[in-house]
There are 2 protein chains.
Amino acid sequence: MASSNPKTYLIPLTFFLIFSPSLVISSRNLNLKQHKLNNEANNNLTYIWPLPSDYTFGNQTLTVDPNLSLIAAGNGGNSLIVSEAFARYKSIIFKHTSSALKGVEYDVTKLNINVHSADEVLQLGVDESYSLMVAGNDEHSIVGGITIEANSVYGALRGLETFSQLCSFDYGTKSVKLHKAPWYIQDKPRFSYRGLLLDTSRHYLPIEIIKQVIESMSYAKLNVLHWHIIDEESFPLEVPSYPNLWKGSYTKWERYTTDDAYEIVNFAKMRGINVMAEVDVPGHAESWGTGYPDLWPSLSCREPLDVSKNFTFDLISGILADMRKIFPFELFHLGGDEVHTDCWNSTPHVNQWLQDHEMTGKEAYQYFVLKAQEIAISLNWTPVNWEETFNTFASRLNPRTVVHNWLGSGVCPKAVAQGFRCIFSNQGVWYLDHLDVPWDTVYNAEPLEGITDASEQKLVIGGEVCMWGETADASNVQQTIWPRAAAAAERLWSSKESESSGNLTLTVLPRLEYFRCLLTRRGVQAAPVTNFYARSPPTGPGSCYYQ
Amino acid sequence: MASSNPKTYLIPLTFFLIFSPSLVISSRNLNLKQHKLNNEANNNLTYIWPLPSDYTFGNQTLTVDPNLSLIAAGNGGNSLIVSEAFARYKSIIFKHTSSALKGVEYDVTKLNINVHSADEVLQLGVDESYSLMVAGNDEHSIVGGITIEANSVYGALRGLETFSQLCSFDYGTKSVKLHKAPWYIQDKPRFSYRGLLLDTSRHYLPIEIIKQVIESMSYAKLNVLHWHIIDEESFPLEVPSYPNLWKGSYTKWERYTTDDAYEIVNFAKMRGINVMAEVDVPGHAESWGTGYPDLWPSLSCREPLDVSKNFTFDLISGILADMRKIFPFELFHLGGDEVHTDCWNSTPHVNQWLQDHEMTGKEAYQYFVLKAQEIAISLNWTPVNWEETFNTFASRLNPRTVVHNWLGSGVCPKAVAQGFRCIFSNQGVWYLDHLDVPWDTVYNAEPLEGITDASEQKLVIGGEVCMWGETADASNVQQTIWPRAAAAAERLWSSKESESSGNLTLTVLPRLEYFRCLLTRRGVQAAPVTNFYARSPPTGPGSCYYQ
């Protein structure tokens, strides 16, 4: 058994000749050959994505029974979340082989899942840790077989994902094998917030597509869907209190009912993923006025929302109260970015209001954001705001505010120094619509950059990759998200001490290519890893594992 | 009730104000406005894709019960193919609403499907015709309700697809509505062969991705998956008789077991889709030699397959015998394209064989193709060959040969004039990897072009769009296929007398955009219709229905 330090791996070479991705490749393609050499120099890589925080493994190969049964235990063992996840992963693991081979005795016939707590509340900081123990086939340990142990059902989900990645179909024997047993994995996330933003305003994304994205997030252990539902272009969400709002949708078919939203939240919860909704005020809200033109300062300038009217805040209260019934996650995003107050100054009745209240445009922006924060807080939400709010009036923000970085580096260090929590989304590295950002730049981004104090580091709750939708719709959102979101996912999950350092082309690239192909095997449209522009097609024929 | 001639539609304008896609659109976008005008000028379009051959409709709106039940009748009514399809379409139709609304009485609670024949053999020319009758809610007809009537289960599948397209979710009432009742549709395909080629050699496509493609084909009523499994780059298929062949796969993970292939054939059959496999000989076969280097004329020139060895033909016999067990479709594609015989002439032992047999390279090519045809025919397959075989030695081809056009126009007219059957795939219009071919060029392509004699027209069994895989892999194959494959699908299904003429921007484009959005709602990554290059992302924010 070897430790997780690569230098101490003592696995026979013959084992790697069987397991290495480089074994069977075409001899014609120079790129493949080059890769083959690279891989053979690095065949002690561990093909789990994201890499667990602590693990050891051996050199045995186990066969896994297609009729694998679940033995659930503990207070949370009987959860539907666990049993449905087990069924999903079974269909993933045994995609090629649904029935047992005749006369074969499998090493692994049972999967033990032990969940200590029956508490299924999913919130920021929920315990996602788990242990995964795979006994060798010659061991007579007390545990035996395979056991996932977790404090919460959500830890069990993460353990199931890791288990599924240990299994691979062997085309030679037509059976699912688990290599490198015995395994002992103890794993937990580095950050509690590991997000992906989806923008359903610039393009409507059908429910089915959103579910595909959520499902794929779970494969990379991402745990927050930041649903940027509404923006200036369209307002697709039903708001029962203000039923004209979704008249701001592109068409009457590009909409989400409250039931749709419930379903998305529940679908995500079953996969251990929180949904953080966003209502971006006062800018980015032009579409609201399609249903309620009073929200526009005037017909000639339609955003930011009219700060001078009580109706504006009544309506925000109504929206948030309705949304509170749908979104149980404690964080709620209030936007607050890119607010250009010229429209207020140039609209006579708003300008008059500013003068009456002795406010500049900037002060009115602050007034608006703080009033929205109060509404959110009164609904027992913790407000999240884009960094402009912090950059403009940090001292006035509610201290519970989570500052969401996007403009560049250096903001989280300032925010946490002032006691705010922070989410890292530096657009130069983690905006997925920036197609010229290569995978390794995404991977190298560091949420704690510039923060050395341990107590300040704790205030960075995590990070988020943002899939803005101007040029991403149902046809290409997945291939724009993947595989680069996975690079961020490992940064957010795995410990900095993992093997994700040194020459990334040797230590990470083969693993990311492997994970990209895993995604495609699961039906996810993940793009080639090393294309010059993200989401571009492969430039020529070749293996998934080397593109 | 109105006939299918657009000029006689007599539907009240108010009805179209409810049903027209242009009702709720943003007022900001000039393109949208333009489209809105176009649509309002053409709101008598029928949003069924492909358009049925004969139909009438009325002006009533029916509500459809989420607990819709299937009443199956006839000899074929109890088929699993029908009941599973009904379940699939129910989940498509009621995606937004799985439970009945309280206190609502639905107009439609039952779907009658009457299948006359219990014969489930799926072959070229299988009866896909169906009638779909939707009674109005004020009618006391003998039939009543909704009835699909078909001779075969496959006709019933086509009827279910049409039925699903009549239904749409009404976001206002939260119920599924069926507009324009009563309907009377009598429908059948114009061509019996409506194919899509998938190339799994240039890039391996995982089973899951192939299933996604097959599922989406059924939405457009395509009925043949031409599986170009093997080519010079890789040999992913397991061949039990020659177990080294799939050593020619890119990696040991980019393979199909015989079970995988069975599963694909069965998955397709459940959707009324035949799978036509291809073994492309003697060119395009370099990858075969990875497992059996004797198939290469020499190490320095590795294709075409060595014509001089008995082993070559023994192996082809073995492959085809193994594949015959998997692929029941009566057509089998033997390739025969792009054969460059220089390698034979320049390899001493092959050149000697040519001299001994007094053959030129061209004659040896003919010898090879005819020998492969004999093997296929001995297995009770009808050979299909790419047009080069016909262009080079038409008079020697087995008369049962189906000639597969690709190089350009004019080949099918020549082939049918000589009594051969023909498949139209003119690369200038129906090669989906030609990204600069716009949707209307695909739509306007005509398989019967240049063929006036009715008996010769009958020999054109249909056409096929080809998705060659050099730059299409799991990440982008669907968006390269759709929506352009749908344009061909309507050409192949709908009668020429349908409304698919005149100004296509008015008569077809809104319908194709609607169908593209239908695909995305069903989770298919269909690209914008009017992009300059196929599969490119949308150029900016906007509605799915106008991009």
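Order of the sequence lines fixes the chain letters, A, B, ..., with proteins taken first and strands second; residue numbering starts at 1 for each chain.
- Within the 4.5 angstrom heavy-atom criterion, only side-chain atoms of Gln479(B), from C-beta onward, approach chain A.
- Between Tyr514(A) and Trp253(B), the angle of the ring planes goes over 60°, which puts this pair in the perpendicular group of the 30/60° scheme.
- Ranked by heavy-atom pairs shorter than 4.5 Å toward chain B, the options Gln525(A), Glu470(A), Arg516(A), Glu208(A) are led by Gln525(A).
- In this structure, the portion of Arg535(B) lying under 4.5 Å from any heavy atom of chain A is its side chain and not its backbone.
- Between chain A and the options Asp473(B), Asp259(B), Asn476(B), Thr480(B), the largest number of non-hydrogen pairs under 4.5 Å is found for Asp473(B).
- Between Ser475(B) and Ala526(A) the shortest heavy-atom distance is CB-O, 3.1 Å.
- Only the side chain of Asp260(B) comes within contact range of chain A, with at least one heavy atom under 4.5 Å from a heavy atom of that chain.
- Of the atoms belonging to Gln478(A), not a single heavy atom falls under 4.5 Å from chain B.
- Among the candidates Glu254(B), Arg521(B), Arg202(B), the residue making the largest number of heavy-atom pairs closer than 4.5 Å to chain A is Glu254(B).
- Interface remark: of the candidates Thr520(A), Ile207(A), Leu519(A), Thr520(A) forms the most heavy-atom pairs closer than 4.5 Å to chain B.
- In this structure, the side chains of Pro541(A) and Tyr250(B) come closer than 4.5 Å at one or more pairs of heavy atoms.
- Only the backbone of Thr539(A) has a heavy atom closer than 4.5 Å to any heavy atom of chain B.
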key: Derivation of the side-chain contact (heavy atoms from CB on, under 4.5 Å) call for Tyr546(B) and Thr251(A)   = CA-CA 10 Å; Tyr546(B) 308 111; Thr251(A) 61; 4.0 Å; yes
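- Heavy-atom distances place the side chain of Glu238(B), and not its backbone, under 4.5 Å from chain A.
- Residue Lys211(B): no heavy atom, backbone or side chain, is found under 4.5 Å from chain A.
- When heavy atoms are compared at a cutoff of 4.5 Å, Gln212(A) approaches chain B solely by way of its side chain, counted from C-beta outward.
- With respect to chain A, the highest number of heavy-atom pairs below 4.5 Å among Lys174(B), Arg522(B), Glu263(B) belongs to Lys174(B).
- Among the candidates Pro243(A), Ala527(A), Gly469(A), Gly540(A), the residue making the largest number of heavy-atom pairs closer than 4.5 Å to chain B is Gly540(A).
- Relative ring orientation between Tyr171(B) and Trp246(A) is described as perpendicular, the plane-to-plane angle rising above 60° on a 0-90° scale split at 30° and 60°.
- Only the backbone of Tyr256(A) comes within contact range of chain B, with at least one heavy atom under 4.5 Å from a heavy atom of that chain.
- With a 4.5 Å cut-off on non-hydrogen atoms, Pro206(B) touches chain A through its side chain but not through its backbone.
- Highest contact tally toward chain B, considering only Ala474(A), Gly523(A), Pro538(A), is held by Pro538(A) [criterion: heavy-atom pairs under 4.5 Å].
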